[in-house]
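The shown structure was predicted, so the numbers you read here are calculated from the model rather than taken from an experiment. Any value given below was found using the heavy atoms of this structure, including those in side chains, with hydrogens, waters and symmetry copies removed.
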Amino acid sequence: MGAPLEGIRVVDLSRILAGPWAAQLLADYGADVIKIERPGSGDDTRRWGPPWIGEDAAYFHCANRNKRSVTVDLAKESGQRVVRELAAASDVLIENFRAGSLSRYRLDARSLAELNPALVYCSISAYGQTGDKAGDPGYDAMIQATAGLMSITGRPEEEGGEPQKVGVAIADIMAGMYAVTAILAALQARQRTGRGQHIDVPLYDTQVAWLANQGMNYLASGEAPRRLGNAHPNIVPYQTFATRDGHLMVATGNERQFRALVGCLGCPELADSPRFATNAARVENRRELIGMLAERFVERTTSEWAELLFEQRIPAGPINDIAAVLSNRHAEDRQLVRRMRHPAAGDVPTIANPVRFATTPARYDIAPPMLGQHTDEVLAELGYAPGEVDALREDGAI
């Protein structure tokens with residue numbers, strides 16, 4: 001049986017990470033994703049190295065598998081025509097240009113809807129298609145800063161900490177994830193109405209949305225959440241502890257787990273103390289409790305504690321580096337690293353899509369493409385004769 005989105009064609013006009021991440025997910029699920037890139041240079045992330053895989057940066061490879069690359073110069077009228085023809089024959093278009101800028105090429109949502117009323121057109125931008133900041137540019141790090149994430153990430157101020165960004169471009173990635181769910185919802189709506197629609201996905205708004213409990217903590221209390229390092233704002237104890245030889249993450253989410261934890265630590269009486277008997281009391285008396293538990297954790301090694309707490313079904317584990325994550329037994333059992341055949345670099349690795357379908361599996365058919373690798377192939381599918389393709393190339397349109 002084919003992949004879930006087999007038969008869906010996507011035009012990927014995006015670059016960097018948020019849009020390409022969304023398009024890659026759709027490609028994994030079986031969509032035919034055609035990545036439009038600038039002739040000669042392509043997606044900026046092709047040059048964001050080292051490290052490199054073949055001639056392209058590893059960064060590019062993280063978000064562009066299962067796509068076909070077509071080079072088109074949007075500044076050329078003939079190049080614009082190619083993209084319009086693709087959009088007319090496609091189901092989805094994803095773009096992350098500055099709001100309104102594609103209208104000068106007649107590649108905006110309204111213009112393409114006239115050609116293809118069933119097209120689902122998804123715009124990903126820093127601040128959205130409307131509002132006073134609609135035209136402003138924005139990269140992931142500044143969105144992490146301006147939309148609140150950095151204010152709650154990092155060691156507490158009283159410990160000398162400062163605001164900290166997350167170690168991956170999480171604002172981009174989450175915007176891409178929201179875009180995919182929106183696209184799938186719009187495709188489902190199209191089943192009923194026969195019409196596509198324009199989807200507006202801002203990095204800023206999506207990050208505000210996934211502030212989750214921290215955002216609601218502010219709305220409920222009127223107090224801006226503060227940085228707590230690795231501790232949880234609503235659950236105690238739920239943080240890292242220093243051990244004899246390293247650190248251990250402990251995540252006690254209910255009263256049974258807390259009672260079992262203090263039993264393992266040799267201080268079971270804490271579970272019956274009014275100061276710590278409930279989670280609300282533990283949050284109130286966080287500093288006192290954590291100090292007492294920290295004194296116990298340094299008595300054993302990380303592995304000793306991890307084994308002991310595992311036996312009591314207490315969520316806890318070491319802080320693994322990425323080398324350990326991608327080379328351990330679980331990674332092998334779950335096939336978290338796959339290999340794909342690249343025309344120039346040979347066998348290249350990719351981190352697997354985490355979703356496992358019972359009957360319509362995700363695919364790993366096309367390695368992240370070389371720049372323009374599929375230009376002639378896709379144009380032939382649109383009906384271009386070889387001589388017409390040569391003319392476009394001579395004009396610099398492809």
For residues [X] and [Y], determine if any side-chain heavy atom of one lies less than 4.5 Å from a side-chain heavy atom of the other.
X	Y	answer
L13	V83	yes
L326	I322	yes
I351	L336	no
W48	I16	yes
V283	I235	no
M249	Y238	yes
V208	T206	no
I314	C264	yes

Got a donor-acceptor contact below 3.5 angstrom from the [X] side chain to the [Y] backbone?
X	Y	result
R363	A27	yes
N285	A281	yes
D172	L17	no
N254	Q257	yes
E332	R329	no
Q144	K165	no
N230	T240	no
E304	R300	no
R313	F310	no
R84	Y105	yes

Please identify which of these residues, [options], meets the side-chain contact (heavy atoms from CB on, under 4.5 Å) condition with [X].
X	options	value
I152	L211, N217, L228	L211
Y384	V378, V389, D390, I398	V389
L5	L184, D91, D28	L184

Taking NZ, NE, NH1 and NH2 as the nitrogens, is one of them in [X] or [Y] under 4.0 Å from a carboxylate oxygen of the other?
X	Y	value
K67	D32	no
E95	R15	no
R46	D43	no
R47	D56	no
R227	E158	no
E77	R106	yes
E162	R155	no
R259	D272	yes
R68	E381	yes
D73	R38	no

Measure the spacing between [atom1] of [X] and [atom2] of [Y] and express it to the nearest 0.5 Å.
X	Y	atom1	atom2	result
S151	Q164	OG	CD	13.0 Å
S14	I94	OG	CD1	6.0 Å
T45	Y59	OG1	OH	7.0 Å

Taking all non-hydrogen atoms of both residues into account, name the closest pair between [X] and [Y] and its distance.
X	Y	answer
C267	R296	CB-NH2, 3.9 Å
P354	R334	O-NH2, 4.5 Å
Y29	V355	OH-CG2, 3.5 Å
L382	R9	CD2-NH1, 4.4 Å
S69	G372	OG-N, 2.9 Å
A3	G30	CB-CA, 3.5 Å

Just wondering, are more than 12 heavy atoms of other shown residues or ligands nearer than 6.0 Å to [atom1] in [X]?
X	atom1	answer
F357	CZ	yes
M142	CE	yes
R226	CZ	no
E255	CD	yes
R195	CZ	no
E311	CD	yes
E388	CD	yes
R356	CZ	yes

Please check if the distance between the ring centroids of F276 and F258 is under 6.0 Å.
no
Would you say the ring centers of W305 and F297 fall short of 6.0 Å from each other?
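For W305 and F297, the ring centres are under 6.0 Å apart.
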Could you state whether [X] and [Y] fall into the same hydrophobic cluster, counting links through intermediate Ile, Leu, Val, Met, Phe, Trp or Tyr residues with side-chain heavy atoms under 4.5 angstrom apart?
X	Y	result
I170	W21	yes
I36	L93	yes
L115	L119	yes

I'd like to know whether T350 forms a side chain to side chain donor-acceptor pair (under 3.5 Å) with H61, so could you lay out the CA-CA distance, the side-chain angles of the two residues, the decisive distance to 0.1 Å, and finally the verdict.
CA-CA 8 Å; T350 191; H61 279 251; over 6 Å; no
Set out, in order, the CA-CA distance, both residues' side-chain angles and the distance that settles salt bridge (Lys or Arg N to Asp or Glu O under 4.0 Å) for R393 and D376, then state yes or no.
CA-CA 10 Å; R393 191 164 277 120; D376 289 20; 2.6 Å; yes
Regarding [X] and [Y], is there a side-chain donor-to-acceptor distance under 3.5 Å anywhere?
X	Y	result
D245	T302	yes
T71	E37	no
S123	D200	no
R275	S273	yes

